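The block underneath contains the structure these notes are about, expressed in structure tokens.
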Amino acid sequence: MQRLEEFNMSNNEAIIASKAKRGRKAANLRQYALIFIMIGLFVVFTCLTNAFFTPDNLLNMFRQVSMICIVGVGMTMIIILGDIDLSPGSVMAFVGVMGATVYKMTQSPFLTLVFSLAIGAGVGFVNGFITAKGRIPAFITTLATMQIFRGISFIYTGGNPVSVFDEGFTQFGTGYVGAIPLPVVLMAAVVVVGIFITQYTRFGRHIYAVGGNSKASQWSGISVDRIKIGVFTLSGLFTGLAGLVMAARLGSGQPSAADGFEMDVIAAVILGGASLAGGRGTIFGTVIGVIIIGVLANGLTLLDVSSYWQQVVKGLIIVVAVLIDTKSRKKA
Amino acid sequence: MQRLEEFNMSNNEAIIASKAKRGRKAANLRQYALIFIMIGLFVVFTCLTNAFFTPDNLLNMFRQVSMICIVGVGMTMIIILGDIDLSPGSVMAFVGVMGATVYKMTQSPFLTLVFSLAIGAGVGFVNGFITAKGRIPAFITTLATMQIFRGISFIYTGGNPVSVFDEGFTQFGTGYVGAIPLPVVLMAAVVVVGIFITQYTRFGRHIYAVGGNSKASQWSGISVDRIKIGVFTLSGLFTGLAGLVMAARLGSGQPSAADGFEMDVIAAVILGGASLAGGRGTIFGTVIGVIIIGVLANGLTLLDVSSYWQQVVKGLIIVVAVLIDTKSRKKA
Amino acid sequence: MKSITKSFAGVTVLDNIQFDLMEGEVHALMGENGAGKSTLMKILTGVYTKDSGIVEKLDQGGNMVQMEHITPKEAQEKGISIVFQEFNLLNNMSIAENVFIGREPKTKAGTMDWKKLYADTRDILKRVKVDKEPRVLVSELSVAEKQLVEIAKCLSYQADIIVLDEPTSSLTDREVDILFDLITELKSKGTSIIYISHRMEEIFKITDRITVFRDGKFVDTFKTADTTNEELVQCMIGRKLNLEKNTQAKDYKDKDVALEVKNVNVNVTLKSKPFDFRLHKGEILGFFGLVGAGRTEMARIIFGIDKADKAEVYKNGRKIILKSPIDAINNGIALIPEDRKELGLVLSLSVQNNLVLSCLKNLSPIRARKAEEKEIALKYIKDLSVALSSEEQAVEELSGGNQQKVVLGKWLAMKPDILIMDEPTRGIDVGAKAEIYSIMRQLAENGTSILMISSEMPEILHISDRVIVLYEGQKTLDAPVTGLNQEKLMHAAIGGI
Amino acid sequence: AEVSAPAESTAAETPASSEEPASEEPAESAGAASAEGVKIGFSFGQSVHPFFVAMQQGAEAAAKEAGVQLVVTTADYEVETQVSDVENLMQQGVKAIMVNPIDSAALSNVCNEALGKGIGIFPVDINVDNCEVTAFVSSDNKEIGKMEAEYIIEQLGGEGTVAWLGNPSITSLRDRQEGFFEVMDAQEGIKVVATNETAAIERTKALEAAETILQANPDLDCIAGSNESSALGALSAAQAAGKTDVLITGVDATEDNLNAIKSGTPFSMAVAQDPYQMGYQAVQNALKWINGEEVEEFISVPIGLITIDNVDEYIEREAQYAAAE
Ligand SMILES: Nc1ncnc2c1ncn2[C@@H]1O[C@H](COP(=O)(O)OP(=O)(O)OP(=O)(O)O)[C@@H](O)[C@H]1O
Ligand SMILES: Nc1ncnc2c1ncn2[C@@H]1O[C@H](COP(=O)(O)OP(=O)(O)OP(=O)(O)O)[C@@H](O)[C@H]1O
Ligand SMILES: [Mg+2]
Ligand SMILES: [Mg+2]
């Protein structure tokens, strides 16, 4: 047993690790089925078009998925809890509109960032608080906040975008750190924070416990409400960040932005192996899910597949990927 | 307990029945919290505008919610199973397009109906088969079919609607049986079928069993796969019907129709008391949920509340309704 | 069943097992936790598929027929029914629907025949003497009642082979007697019964033959009449044990009161009188009673799960307010719940994560000292001799008894001042039981006060210093163990004072 | 610019002229190296509407004639997706990008980035804010709203009640709404009794909104739709309610619209744009620019009124476009 490597910390990995001595190769195969699928997609697209495997295009692709990924980290935690969050799209629009407004008023990138994060975290807190204390399904709470914040964004702006073409604002979406786009850097940071929290902190392990069996967790002295509120708040913070990045990329806070965004995020999280029933999922898996979806969208567009056909192809590939993943898990 | 009427068979009702000895009045109150909220809304809107409580407007309102309700019956069963279906919107668009095409070719209302139902049931069967036999989350399967059928609808039509203004076709959406709009009659029929199946047949009870604990059901000799495939197929059949009604109402099969429709349906089902975790929910509850959402949309539009404010108000009312519902359940 | 072999992901759980069952006999299956008993039964009933081996069964015509890769449904149709060790009930459905699941009576029109369903269920419930309406939801039953419903469900199949996998682990003597009457009745009708239990006295009382497994291997089959308790234990665990009444019980009256509970009223509807009791430092207090006596409810109140209007709890003489388990834990109170699956464990998590779940507070919030956690986990895995392949294994893959050990370990790891144990040895084999008793004794000597709820009289008499008996929410006995015996306990448990 | 008749004569000639410089001036190798190898992109904000289907057909026709590769993307009403689409087009090495923005503000960053890389930006229908676009092919959406309002005022004789079905979160529809209300607000006798601002994207939503508006205002005189979906949804609602005396107006010369106007339904007027020409001319303009020719920075594609009197002309025009496929 002691031979197991230290880093095998994740939940899925725990299950796998436990079986390691029974068949290490099999375990690896199972663990990495989705990774193989991802790599397969990379290889296929690289063969099919020269434009795909260039540093420029890869960074471009990562910049495009950065927002899904940032929101996906929080969504993964929420889904591990056994909850769901439908509000990110609306909240991002709201944060974008408000962030742009604040920047217009203050001209301060720092204040804009703080304000955006605060709004996001605030909405997340409200979602978590109502869900936990009111004992109502997160589906309902966040469905309500989704509508409310979309509505408020439209009321506040009268439907018009709040445009800010100032570099100080747009840098959050279009800036670079060295050769790396800033959104990609932010994404990486959020992923690292997410992995750290879920795998290396007490709070993180309590998320899995509550998602696995909330009653037993409560009976073990875990404050289920506090964990829930904490996860929603943290997730809201990330959503706030993503909202700012989106508005900055667009150079305007759009009240209609990111409509249905949450479904893209949830799809990536589920594709990454999390279960809506709770207790299962990893940030790492979500990242793979996000990349698979991003590569598909990017690669198919580069291949000039019409957007109608893209939908069909994407649908087929996703279901086949998950089938392979499940089958390899079972066999191994 | 024996004094309770025989028809109190539903799952929620069983809970109440069992607690009857602890406080009969309380139980009734709890059961009917959502009904009270619905009635409350009726009363409020009747007071606020004369246009609301007229036979004409009520029939209008029911016709508007008929499609949500028809799809909601199947969705309730799927959600009781612990699954979810994201494909209805796309499938409705696909059925609408194909149904209109078939009518154009055959001029036969009957063939059009049969064909539409068959497509719906076929897609449902595929969803169920892949989910059950492939052991993959319905979320993934139906996310894929959602994209695939949207894509196919666009490819098939090139993005243009397939219009049929012929009475033989539009009657499915605009016809009447006596004074009652045909969609409302169809809705009532589907609701009756749904209640009958879930409460009075073994198949129906097994849906609850599988949703409550699929392993235990399997070990008790229930064929979980068959139940799943059956429910998805049935639900697909209803979706086919709704797709035809939608196309007939517009006089054209629109490849872009019903985008995001599934979320409205799922919201109504959850509002009606079903749980995404499975095992819990009733068709009756869903009908209440559908009516609450329909009344809100209708009433607020009659009051000429701006569409933006409508979103805010709807969101608030939904969360408050569920809070009241939950609180009354707990207290009682 | 011949040469049955089964392995999970490379670990051999059953190795060339053989087992035969004669018509009309009660055959005990014995072995330590994790020996493979439940796994063999799951193969017999089609839940698992065997890797190799042959299963044959007598058919109607009197021929032995081989059964290949059957499903649970086919097993039922072939006349095999089972009470699983872990509950296999649907909490969201009524008792009646659970009992007749998959075989609900139909009316002529093909719809559910509710009347007949309820009537049939009522009859069956009468046989197991459960006084509940068929309509009641299973989620509202106590663990013991659930167990009886499982037995009722099993009976309703009218099978010719019945498997009972630890049916009595959560029952008290009264229900056990009901069950034994049923078994005798079935036996006389020619039904064969496979009986798995860790309670030795039951084995000798009811079974005809015994088969022993150890570590997934067949050890021996012999007639019950030809063996003794000692021989059997020796055969199972390879050493001798001594489980006598606690003779060294001390009187703790003069010691400090660690926990005082006043005015607990556990069964409000029955208008029972509230009662008080005290738990001294270092004392082991046994709580005995029949199913539904209210012991679990009392424990829930002390642990802050339920709110009781008037109950007051004092620890070390100071009144404490308990609004949630967190308050209880902060006050050094631990509760080992009786329902390990629903309340005790997060089945999807690893053994290690479960073991450290309630003591994480004492560790760093950031996982800098992961080694420390592992150390704790390994310590309790060793102390409780949990059979597993790795501490990273998911708890749901452990055998029932080993899961129970994890629940125990989890609360021991928290190092409580006051340890409440609700049926702590449920499903635990004799060898491990002895180890747990010695751990309890050790804890008590180091100053931990233990409140143990148990339905096993020998256990109560063996480990307690003092015993309280509840009957329908009232205290009918509170005395040092030294003056007690089984008759006195039973007398108090059925309401005699 | 009162050219409401089809403009196919000019359209048919231009592709030929764009090929000429390629063969005559080998020095201009960048654009000319091969008309074959040239790739251009077209980013649509949405494709769920026949208007854009027609625009795409026009663009494809022009590209086919010139023998260049046209890469088309569609963003499904999501601004963020459209930004990604434009980025992906750049990755593919297109020389020019036609763009039909969902929102005029949202694409400025990415379009500026493209311009910085020497890629031409050719907005169609809706311009890109804060961006020195290469050339813009437009139809004046504000004017469309005004024309609709003026027609309604005329038909109602300056008095009555009107409902508006719009969706101001899309720039083109927002501009139409602005134009519409500019005229309506100045008209004393006409009252806008209901405004729905989420109903225009999909016919079903428009249908439901119109049904309820008709319940609330049984004497309503007119429903003005901001596009095809809203007008046809309103028509279905009016027909279902048996109302023949309510005036319905909309925008675009799509097949369903034309049929509805021709068959004498309450939907009796639509403002015609010419999306086919927009797409066609935008592509031509881009090809000219690639070849180093001078391009007009602003091309206005005319709009016109369709009523029962001239509906046949438009039916013919659309039929010709379809035949050109
Ligand atoms: N699904 C599974 N995956 C992996 N290992 C399993 C699984 N089920 C059982 N095992 C292992 O098989 C062994 C035998 O388990 P089994 O449940 O048959 O024991 P048992 O004799 O019934 O023990 P107990 O007395 O504790 O109930 C155990 O070591 C257990 O960990
Ligand atoms: N959730 C519940 N809903 C309704 N009744 C309950 C519930 N839990 C327990 N009861 C009832 O309360 C009574 C006391 O049960 P309790 O579990 O405290 O008894 P116990 O002495 O611990 O017996 P057991 O041996 O069953 O654990 C029982 O009659 C039981 O049916
Ligand atoms: Mg066992
Ligand atoms: Mg108990």
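So you know, we letter chains A, B, ... as the sequences are listed, proteins then strands, and number each from 1. Just so it is clear, the structure is predicted and the values come from calculations on it, not from any experiment.
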First locate atom [atom1] of [X], then atom [atom2] of [Y], and finally report the distance between them rounded to the nearest 0.5 Å.
X      : Y      : atom1 : atom2 : value
A:M146 : B:K314 : CE    : NZ    : 10.0 Å
A:I318 : B:T141 : CD1   : OG1   : 11.0 Å
B:L323 : A:R135 : CG    : CZ    : 11.5 Å

Quick one: what part of A:I152 sits under 4.5 Å from any heavy atom of chain B, side chain, backbone, both or neither?
both
Heavy-atom distance under 4.5 Å to chain B: side chain of A:A267, backbone, both or neither?
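Contact with chain B is through both the backbone and side chain of A:A267.
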If we only count heavy atoms from C-beta on, is the [X] to [Y] side-chain gap below 4.5 Å?
X      : Y      : value
B:V313 : A:Q147 : no
A:Q311 : B:F154 : yes
B:I266 : A:F139 : yes

Reference residue B:V319; test side chain to side chain contact (heavy atoms under 4.5 Å, CB included); the match among A:I148, A:T131, A:I136:
A:I136
What one should report as the nearest heavy-atom pair of A:I270 and B:P137 is CG2-CG, 4.4 Å
Work out which heavy atom in B:A144 is nearest to a heavy atom in A:G315; give both atom names and the distance.
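Here B:A144 and A:G315 meet closest at CB-O, 3.2 Å.
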If you count heavy-atom pairs within less than 4.5 Å of chain A, which of B:D259, B:V312, B:L276 leads?
B:V312
What part of B:L316 lies closer than 4.5 angstrom to a heavy atom of chain A: side chain, backbone, both or neither?
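Its backbone and side chain both get close to chain A.
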